[in-house]
There are 2 protein chains.
Amino acid sequence: MKRQRMSDQGGTVTIHDVARHAGVSSMTVSRVINKNVNVREPLREKVMASIKALKYTMNMAARSTRAGMGGVRIGVLYSHPSASYLNEVMLGGLDQAARLGAQLLLEKCGGLQSQKNAVNRLVEAGVDGVILPPPLCDSAPTVQMLTRVGIPVLALATARPLPEVSAVRIDDFQGALALTRHLTKLGHKRIGFIKGNPTHTPTEVRYEGFLKGLSEAGITLDEGLVVQGQFTYKSGLEAGRELLDRKDPPTAIFASNDDMAAGVMAVAHGLKISIPEQLSVCGFDDTPVASTIWPQLTTVHQPIVAMGRSSVSTIFERIKELKSGEPSRPVHQLMKFTLMDRDSTGPAPK
Amino acid sequence: MKRQRMSDQGGTVTIHDVARHAGVSSMTVSRVINKNVNVREPLREKVMASIKALKYTMNMAARSTRAGMGGVRIGVLYSHPSASYLNEVMLGGLDQAARLGAQLLLEKCGGLQSQKNAVNRLVEAGVDGVILPPPLCDSAPTVQMLTRVGIPVLALATARPLPEVSAVRIDDFQGALALTRHLTKLGHKRIGFIKGNPTHTPTEVRYEGFLKGLSEAGITLDEGLVVQGQFTYKSGLEAGRELLDRKDPPTAIFASNDDMAAGVMAVAHGLKISIPEQLSVCGFDDTPVASTIWPQLTTVHQPIVAMGRSSVSTIFERIKELKSGEPSRPVHQLMKFTLMDRDSTGPAPK
DNA sequence: GCCTTAATTGATATCGATATCTTTTGGTCT
DNA sequence: AGACCAAAAGATATCGATATCAATTAAGGC
């Protein structure tokens, strides 16, 4: 009895409350919210004012029950990306799914046979579309299985999207180029490079960006400073040890992702090599680990959360088009990356 | 035209389809789904069979529009927890919120004044409840501001819940005790301990668990092996260096969280101390970093995602009670932790 | 065996937003 | 000025699940 629907209105403000307040029908309010064209200016303003006055916010759950669009299910099929990467994707994805009233189904798989099973489980569950985070985004068999049964696919963070799939990604080439320029501008000439897992498409593209950056600065590639990694912390540890144990170690190391950069930094800490005074290190992706470690990592920020969000809305649109029989083509969306200039890079020594 | 509502039924299976198939009313189906008691066994079975046969899954969005519970808004107010920790909380939280049809509002703040502003923003936005992840879960002023205006509060992962707030947490004492037992069982006698940030409540409790573990094993505390940390990677780095630079270094180090343990391991890698042969390291929380680094970290798994989920449903229940005028008391929920015995710990050397 | 009570089941209204259809409005063309 | 038509606004039906109340059945009690 204490707290009985206190405050001005009785709890939540609905579209009808706004309508009453503005003296129009709720349909008009709906049209205003959805930027529908057929509303005259004075009315639109009156409605907008009421929305503000009542602090109206839409109930997304209700919207999604609207006729026809009921219960869109989107599958997210992953094999073994880094834990934090997937977390961020899901963070954005779940948030957007909630907004759209869609349902996200997370499905895990391993080898090829297991991929088949996972795809079947998703189809059985009646998904209307599937998002493939890396590294599955580049798996042709998986994509085919899905497209064959008419389910649209979206590849997340692939460097080279397969045909027929939508994609949300950044320009890995430009990102690697920007980072390399950053290093050469700081005066680094001997730059080590740690490649990623060769089965992931960004691996090669980032390397190409690095090469371009070197040639721009008139530096000849020293093949001995290029080490193969696997995108894992452990491979970064090994590659770092290999590079830093040389008698002519590089003054900077460009690791193809943050986990490997963290490995390199761990080795450097052990060798009492101070960062960034004696060695500059940079990574790629800007996963949480980049700002966890010390010194904080200079890296290319990939807006993973936003990409997760965008993946969901992009494939949602596609599903809507397909359901209503409209013509529909895969959509490619390029997100902006940001160079995060933090504390792990500095001027080349001496 | 290619994909025109293929498969058996015309799109999504609803509760009504199931009802028709089973020859009952949709209300009965609803009761079966929600494990409501008042359904006789034969009918329940018939309904269950139909659910399976039609591969029915519920439309969560629709459920959340149900009378009365429309548009619950839950605020999540955080200051500066580790990025990955918050991610996991939100992952569980968003997922559960979607299920319940609630809306989650994320709000950030810094100092005390900024906390006031943040609380005001949340109240303005009309939140019905607020979740406080660490370290804000222990902030008495914030809690007071909220309870004063009648908004229920839930503290996440606090070790000592303030009065009047609900809480979702693990038993930090037992967790630290289990981990210490693990080390002593492996034969370690000289065990270093890195404390966490003194303003967080789990810091002291974990230390107490450690002490208890030592005394159980009949080990006298060496005060020199206890170092103050801050829950940050950097403080782990410094503490690790301090402990490992001693002439009589410990054979095992218990860091109060994973980030600090990662710092210790970085130092060890640098000193070419092999883990776990020469040094055992363990952390606490099992954040993604624990399985990212190498060797993978022995730690206490805190089910953060599940705790995020549980926080949302717990405060949701509370909100429901308050809204319907039922009597309502804060709820405390203790989650199970798990000892993750991975590769960073081993038998004490010689 | 009849009546009261409790346990089951069903019928109907509802939630919030939108699709769709209908009515009204306002303007243009001859 | 009258007719006609598109634009603008409203009325109503709908989505899927559940709350609520009514109807039915079963279970005891004397």
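In this text, all values refer to a predicted model and were calculated from it rather than measured experimentally.
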- Message: Hydrogens and angles aside, do A/Ser25 and A/Thr28 bring a side-chain donor and acceptor to less than 3.5 Å of each other?
- Response: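 Yes, side-chain donor-acceptor contact under 3.5 Å.
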Measure the distance from [atom1] on [X] to [atom2] on [N] and round it to the nearest whole Å.
{"X": "A/Asn38", "N": "C/dG26", "atom1": "CG", "atom2": "C1'", "answer": "14 Å"}
{"X": "A/Met58", "N": "C/dC15", "atom1": "CE", "atom2": "C1'", "answer": "15 Å"}
{"X": "B/Arg73", "N": "C/dG16", "atom1": "CZ", "atom2": "P", "answer": "12 Å"}
{"X": "B/Arg20", "N": "C/dT9", "atom1": "CZ", "atom2": "P", "answer": "20 Å"}
{"X": "A/Asn34", "N": "C/dA17", "atom1": "CG", "atom2": "C1'", "answer": "9 Å"}
{"X": "B/Met27", "N": "D/dA17", "atom1": "CE", "atom2": "P", "answer": "12 Å"}

Does [X] put a side-chain nitrogen or oxygen below 4.0 Å from OP1 or OP2 of [N]?
{"X": "A/Thr14", "N": "C/dG16", "value": "no"}
{"X": "B/Ser25", "N": "C/dT9", "value": "no"}
{"X": "A/Thr28", "N": "D/dG10", "value": "yes"}

- Message: Closest approach to the side chain of B/Val24, judged atom by atom: which nucleotide of D/dA9, C/dG10, C/dA17 is it?
- Response: C/dG10
- Task: Compare the minimum distances between each of C/dG10, C/dG16, D/dG16 and the side chain of A/His16, then state the nucleotide with the smallest one.
- Result: C/dG16
Review item, side-chain donor-acceptor pairs of residues 141-155 of chain A, under 3.5 Å, at least two apart:
| unit_1 | atom_1 | unit_2 | atom_2 | d |
| --- | --- | --- | --- | --- |
| A/Thr142 | OG1 | A/Gln115 | OE1 | 2.4 |
| A/Thr142 | OG1 | A/Ser139 | OG | 2.8 |
| A/Thr147 | OG1 | A/Val143 | O | 3.0 |
| A/Thr147 | OG1 | A/Gln144 | O | 3.2 |

- Message: Please classify the nucleic acid contact of B/Val29 as base, sugar-phosphate, or nothing, using heavy-atom distances under 4.0 Å.
- Response: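 If one applies the 4.0 Å heavy-atom cut-off, B/Val29 turns out to touch nothing in the nucleic acid.
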- Tell me what A/Val39 touches on the nucleic acid: a base, only sugar-phosphate, or nothing, going by heavy atoms under 4.0 Å. sugar-phosphate
- Query: Hey, does the side chain of A/His332 reach the backbone of A/Val165 with a donor-acceptor pair shorter than 3.5 angstrom?
  - Reply: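 Looks like yes, one N/O pair under 3.5 Å.
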- Please say which of B/Ser310, B/Ser166, B/Ser313 ends up in a side-chain hydrogen bond (donor to acceptor under 3.5 Å, both in side chains) with B/Gln333. B/Ser310
- Item | Contacts of A/Arg121 that satisfy side-chain contact (heavy atoms from CB on, under 4.5 Å) - sequence neighbours left out |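 By the side-chain contact (heavy atoms from CB on, under 4.5 Å) rule, A/Arg121 matches A/Glu107, A/Asn117, A/Ala118.
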- Would you say A/Met335 has more than 12 foreign heavy atoms packed within less than 6.0 Å of its CE?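 More than 12 heavy atoms, drawn from other residues, nucleotides or ligands, come within 6.0 Å of this atom.
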- Selection: residues 40-47 of chain A, any non-hydrogen atom under 4.0 Å of DNA chain D: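 Nucleic-acid contacts, sorted: A/Arg40, A/Leu43.
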- Determine, stepwise, if the pair B/Met90 / B/Tyr85 fulfils side chain to side chain contact (heavy atoms under 4.5 Å, CB included). CA-CA 9 Å; B/Met90 292 305 294; B/Tyr85 191 92; over 6 Å; no
